There are 2 protein chains.
Amino acid sequence: MKYQEAIIEDLLTAAFQDEALRDAYYEAAQEKRFKKGDLLLEQGQICRHSYILLSGAVRGFYLKDGREVTTSFCFTSDVVLSLESATRLTPSPESFEVLEDSLVEVVSMEKMARLRERFPVFEKVWTLSMEAYAIWLEERLASLQFATAKERYDQLVERYPEIVRQVQLSHIASYLGITLETLSRIRAKG
Amino acid sequence: MKYQEAIIEDLLTAAFQDEALRDAYYEAAQEKRFKKGDLLLEQGQICRHSYILLSGAVRGFYLKDGREVTTSFCFTSDVVLSLESATRLTPSPESFEVLEDSLVEVVSMEKMARLRERFPVFEKVWTLSMEAYAIWLEERLASLQFATAKERYDQLVERYPEIVRQVQLSHIASYLGITLETLSRIRAKG
DNA sequence: ATAATTATTTGACATATGTCAAACGGCGAC
DNA sequence: GTCGCCGTTTGACATATGTCAAATAATTAT
C-alpha cells in the first residue's frame, strides 16, 4: 500500500500541533533502521505493523509459479503494509523487501487502531488515505489495461525518475507486467 | 466504483433497525428507474450522486483516441459513482451507462456527507467500502498484470456467470484489455 | 415478415512480447 | 589484478494478440 496526498500531509501537520496527540503518536511509533535485503513482512504472515518510510525504498512482491512478481514500490513518505492482511487479519498475499538501507517509523496496527479511536483526525487520515490509494489504483489499472509497455515505462520513469538508479530492471519489468528482456529492448530504442 | 462485503451488509442491516437513521436515510434517498442506454454520469461532469443498483447493470467507460474503453461493470447491490470526481470535485474521468433497464437508489453526495456526519455507522461503512474497494482493485491489478487473457476471462465468468448474457462481448473484451476478435477466439477454443 | 442494423465469428497477415541461450559488463572477494 | 557472480544486453525464434476485411448470426425497426 502507499499514499501521498497534500491534503493528508496538511491535516497531519496541523494535528501534530496538539501536544497530547503528538505524545500519543510518538509513544506508539518507533523509529527503526532496516538493511538492504531485510523483509518487513513475509507472504503468509499477518500484517500487524504499518511502516512509514522516512528514507529508502521497499518493494512488494509475491511468488507465482516459483517466480517473483513485483506488485509495488514504496519510497520516502509512502506507507508500507498489506491492506488486505492488516484489515482482515488474513495471511498476507505479498512480502515487502527493503531495497536499500532505510529509516522507517513503525506503528503496530493495534496501536494505530487506538489512535484512530482516540483522535478523530487519525480516522480521517485513514479514510482519506484509502480514497487516495483507491484512486491511485484505478489510474494504474487503466494504464495497465490500455497503455503499451513503453508508455507504462515512460510514465513510471516520469513519476519516479530515481527508480532506475534505485531498483534493478528485473523488478521494474515485473512491475510493468513484462519480461526483463522486453524492458531492456524498450530502453535501448529510446 | 463498486463494493460488496458481507460485513458491510450486516452493519447496515443492524443500523437500519434504528428508526431515526432509517427515516433520515430514506429522506435523502430516492428510487429511480433508468432505461437501457441512459447515462448516470457523463465524462467531464462532476459526480454529485451515488447510485445504488437495486437491479440491473451498468458499465463505466471512457473515451481514448475516439474509442470506448470499459473500466468496470456494476450489478445488483453495487454502488455506482466516480470516486475521484466525487471526493475531489473534479470532472469525472469516466461515464456510466445503463446496460439494461435498472432500478436505482439515488443519494446526493452532499446528503450522504451529512448522513456520515450525523450517523457514525455511515462513516464506518464508507471507510470499510473504501478498504474493500482498494483490496478488490489490488486483486484486479494482479490479475491484469500476470494472468493471460484466457485466465482473466475465465475468472470474470466464474465470478459473474450472468455477464455473458447481460453485456455485449465488445465491452467485456475492452474490460479485459483485449480486442473483440481475440475474445471471440478465446471463447471458441473453450 | 422483411429489411436494416448491430453483434459476433472467421481468415490472413502484422506486430508485440515471451522464451531460451549466449555474450557482455560491472563489481566485490580474495 | 584476477576470478566469479550478478545484472543487463543481444540474437533467434515461438507465441499471443492486434489489425483489417469479409462473412455470418442475432437483434431491432418498419
Side-chain angles (χ1 to χ4, degrees), chain A residues 35-38 57 59 61 63-70 73 97-101 141-157 160-190, chain B residues 35-39 56-57 59 61 63-70 73 97-101 141-157 160-190:
Chain A
K35 287 202 174 280
K36 179 173 176 172
D38 288 352
R59 119 188 133 97
F61 68 95
L63 287 175
K64 192 197 171 185
D65 311 331
R67 293 188 183 192
E68 287 189 359
V69 172
T70 295
F73 297 112
E97 177 198 10
V98 175
L99 293 176
E100 54 186 47
D101 294 5
L141 203 49
S143 151
L144 206 53
Q145 202 176 351
F146 287 100
T148 64
K150 169 152 177 49
E151 286 170 343
R152 275 177 274 146
Y153 174 72
D154 290 344
Q155 284 169 18
L156 183 68
V157 173
Y160 305 104
E162 296 293 280
I163 202 172
V164 184
R165 205 179 40 73
Q166 292 177 291
V167 181
Q168 69 188 52
L169 292 189
S170 55
H171 296 154
I172 296 178
S174 175
Y175 177 80
L176 295 173
I178 58 180
T179 61
L180 168 61
E181 294 92 330
T182 298
L183 177 57
S184 179
R185 289 183 176 113
I186 286 171
R187 283 159 50 87
K189 283 181 199 165
Chain B
K35 287 200 174 280
K36 178 173 178 172
D38 288 353
L39 288 183
R59 117 187 135 98
F61 68 94
L63 287 174
K64 192 195 173 189
D65 312 330
R67 291 188 185 193
E68 287 189 359
V69 172
T70 295
F73 297 112
E97 177 199 11
V98 175
L99 294 177
E100 55 187 44
D101 294 6
L141 203 49
S143 151
L144 207 52
Q145 202 175 351
F146 287 100
T148 65
K150 169 152 179 51
E151 287 169 343
R152 275 177 274 146
Y153 175 72
D154 290 343
Q155 285 168 19
L156 183 68
V157 173
Y160 306 104
E162 296 292 280
I163 202 171
V164 184
R165 205 178 40 73
Q166 291 178 293
V167 181
Q168 69 187 52
L169 292 189
S170 57
H171 296 154
I172 296 179
S174 174
Y175 177 80
L176 295 172
I178 59 180
T179 61
L180 168 61
E181 295 92 331
T182 298
L183 177 57
S184 180
R185 288 182 177 114
I186 286 172
R187 282 158 52 86
K189 283 182 202 165

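Source: prediction; values computed, not measured. In what follows, every chain begins at residue 1, and chains take the letters A, B, ... in the order their sequences are listed.
- Between B:Glu181 atom CD and D:dA22 atom P there is a gap of 14 Å when expressed in whole angstrom units.
- Counting to the nearest Å, the C1' atom of C:dT9 and the CD1 atom of B:Ile178 are 14 Å from each other.
- Taking atom CG of A:Leu99 as the reference point, atom P of D:dC6 lies 17 Å away to the nearest angstrom.
- For C:dG18, its base never sits under 3.5 Å from the side chain of A:Arg185 at any donor and acceptor pair.
- Remark: C1' of D:dC6 and CG of A:Leu169 are 13 Å apart, rounded to the nearest angstrom.
- At whole-Å resolution of the value, CG in A:Leu176 and P in C:dG18 are 10 Å apart.
- A:Lys64 places no side-chain N or O within donor-acceptor distance of the main-chain N or O of A:Val69, the cut-off being under 3.5 Å.
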### Query
Which is it for A:Phe73 and A:Tyr175 under the ring-ring contact (aromatic ring centres under 6.0 Å, His included) test, yes or no, and what are the steps along the way?
CA-CA 8 Å; A:Phe73 297 112; A:Tyr175 177 80; 5.0 Å; yes
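- Taking the side chain of A:Thr179 as heavy atoms from C-beta on, and the options C:dT19, C:dT8, D:dT19, the nearest nucleotide is C:dT19.
- Put simply, CZ on A:Arg165 is 17 Å from C1' on D:dG7, counting in whole angstrom units.
- The closest side-chain donor-acceptor pair between B:Tyr153 and B:Arg187 falls under 3.5 angstrom.
- Rounding to whole angstrom units, CD1 of residue A:Ile186 and C1' of C:dA16 are separated by 9 Å.
- Remark: the A:Gln168 side chain and the D:dC6 base include no donor-acceptor N/O pair separated by less than 3.5 Å.
- Residue A:Thr182 places at least one side-chain N or O under 4.0 Å from the OP1 or OP2 atom of C:dG18.
- A residue-by-residue look at A:Ser184 and B:Leu180 shows that A:Ser184 has its nearest nucleotide of DNA chain D further toward the 5' end.
- Toward the 5' end of DNA chain C, the nearer of the two residues A:Leu183 and B:His171, judged by each one's closest nucleotide, is B:His171.
- Checked by atom type and distance alone, the side chain of B:Ser174 pairs as donor or acceptor with a backbone atom of B:Thr70 at under 3.5 Å.
- As a whole-Å value, the separation of A:Lys36 NZ from C:dG28 P is 10 Å.
- At distances below 3.5 Å, at least one donor-acceptor pair connects side-chain atoms of B:Arg152 with backbone N or O atoms of B:Ala147.
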